[in-house]
Amino acid sequence: MTTPLLEVKGLQKLFPVKKGLFQQRSYVHAVNGVDLKVYAGETLGIVGESGCGKSTLGRCILRLIEPTKGEIQFEGTDICKGSKQELHSVRRNMQMVFQNPFDTLNPKLQIGQILTEPLFTHGIPREKRQRMLEDTMEIVGLNKRQLNRYPHEFSGGQRQRIGIARALMLQPKLIIADEPVSALDVSIQSQILNLLQDLQEQFSLTYIFISHDLSVVEHISNRVAVMYLGEIVEYANKDQLFQKPLHPYSQALLSATPISDPDEQRERIILRGDLPSPSNPPQGCKFHPRCHACMEICRTVAPPLREVDGRKVACHLY
Ligand code: SF4
């Protein structure tokens, strides 16, 4: 078996919640004991409702947020234990594309300045910088004559291309894309998805693709992890998951996605209630208050993520 490019073991992120003077401190369990393996050249989709912890997981992997517990191994190096210098050199190989690039592009800087910033930080010599800048603009389908423009002068789709260009500047191996198309019009979404796929092929990139939209995840991923309240509840190849989801939560998510074939019928599973608060998650299986297949054991015993027919599922039904 090939060694994974990235391996995450037991990752946990708790956010403290401020309470009254004499009340016990509580925590939001944003990510709770997540294990993942990502192999070079693949796309791992992470899917779930908003608030399930998928974006926090992505940010923890890049250590933009410090994890509370767990290991993150990139090419065999545990980046949670390494020195600042080691983290700095690993960061070059792990970049992020954000949902709304407008929020992360400094409005006072020209695009050329924004894109060369990471090159300065990583000590790329001056003679290489301009060439890398112009090459990257071309790769993402932007014109180098636009380098002296400001972020507000671009459309949403162009700004996302700039976000992708910034992530590509240092020629990383892994890109974590957090809802990269959800703020865009549908026609622009497909352009950006196609661009990401072309870049993956051209540069052998590895992606972690975070989205609440199952159809987008189906389009781009090789394997998919379904998250619920900070935990992975199903982890499968794309075809396995989309042809026959096993976990009741995956089934409900999939039942809500539009079907392109008008002859195909799919029964919609309506989830009961809202996502419970991650600061006070239910006992036993965290999904039990909303699950149509809930049994007595589900209320008290949390199901482990175990191997079922070549995939992993956390459910007492299997
Ligand atoms: Fe539903 Fe029980 Fe499975 Fe949880 S463990 S998903 S409550 S059947």
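The model shown is predicted, which means the values in this text are computed figures rather than measured ones. As the structure lists them, so they are numbered: ligands from 1, and atoms in each ligand from 1.
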Atom CD of Gln113 with >12 non-hydrogen neighbours under 6.0 angstrom: yes

Over-ring placement of Lys37 relative to Tyr39, 6.0 Å and 45° cut-offs: no

Contacting atoms of ligand 1, where contact means under 4.0 angstrom from a heavy atom of Cys291: 1 (Fe), 6 (S), 7 (S), 8 (S)

Side chain Thr257, main chain Leu254, donor-acceptor under 3.5 Å: yes

CG (Asp274) with more than 12 external heavy atoms under 6.0 Å: no

Cys315 backbone or side-chain N/O/S under 2.8 Å from atom 3 (Fe) of ligand 1: yes

Numbering as shown, the atoms of ligand 1 that approach Cys298 to under 4.0 Å (heavy-atom distance): 2 (Fe), 5 (S), 7 (S), 8 (S)

Proximal atoms of ligand 1 relative to His288 (non-hydrogen, under 4.0 Å): 7 (S)

Protein residue, atom and distance nearest to atom 4 (Fe) of ligand 1, heavy-atom basis: Cys285 SG, 2.4 Å

Cation-pi geometry met for Arg129 and Phe120 (6.0 Å, 45°): yes

Centroid separation Phe287 to His247 less than 6.0 Å: yes

Enumerated ligand 1 atoms positioned under 4.0 Å from heavy atoms of Leu317: 8 (S)

Heavy-atom pair of closest approach, residues Val226 and Ser250: CG2-OG, 3.8 Å

Atom indices of ligand 1, in the order listed, that fall short of 4.0 Å to a heavy atom of Phe287: 6 (S)

Contact atoms of ligand 1, heavy-atom distance to His247 under 4.0 Å: 6 (S)

Nearest protein heavy atom with distance in Å, relative to atom 5 (S) of ligand 1: His316 N, 3.3 Å

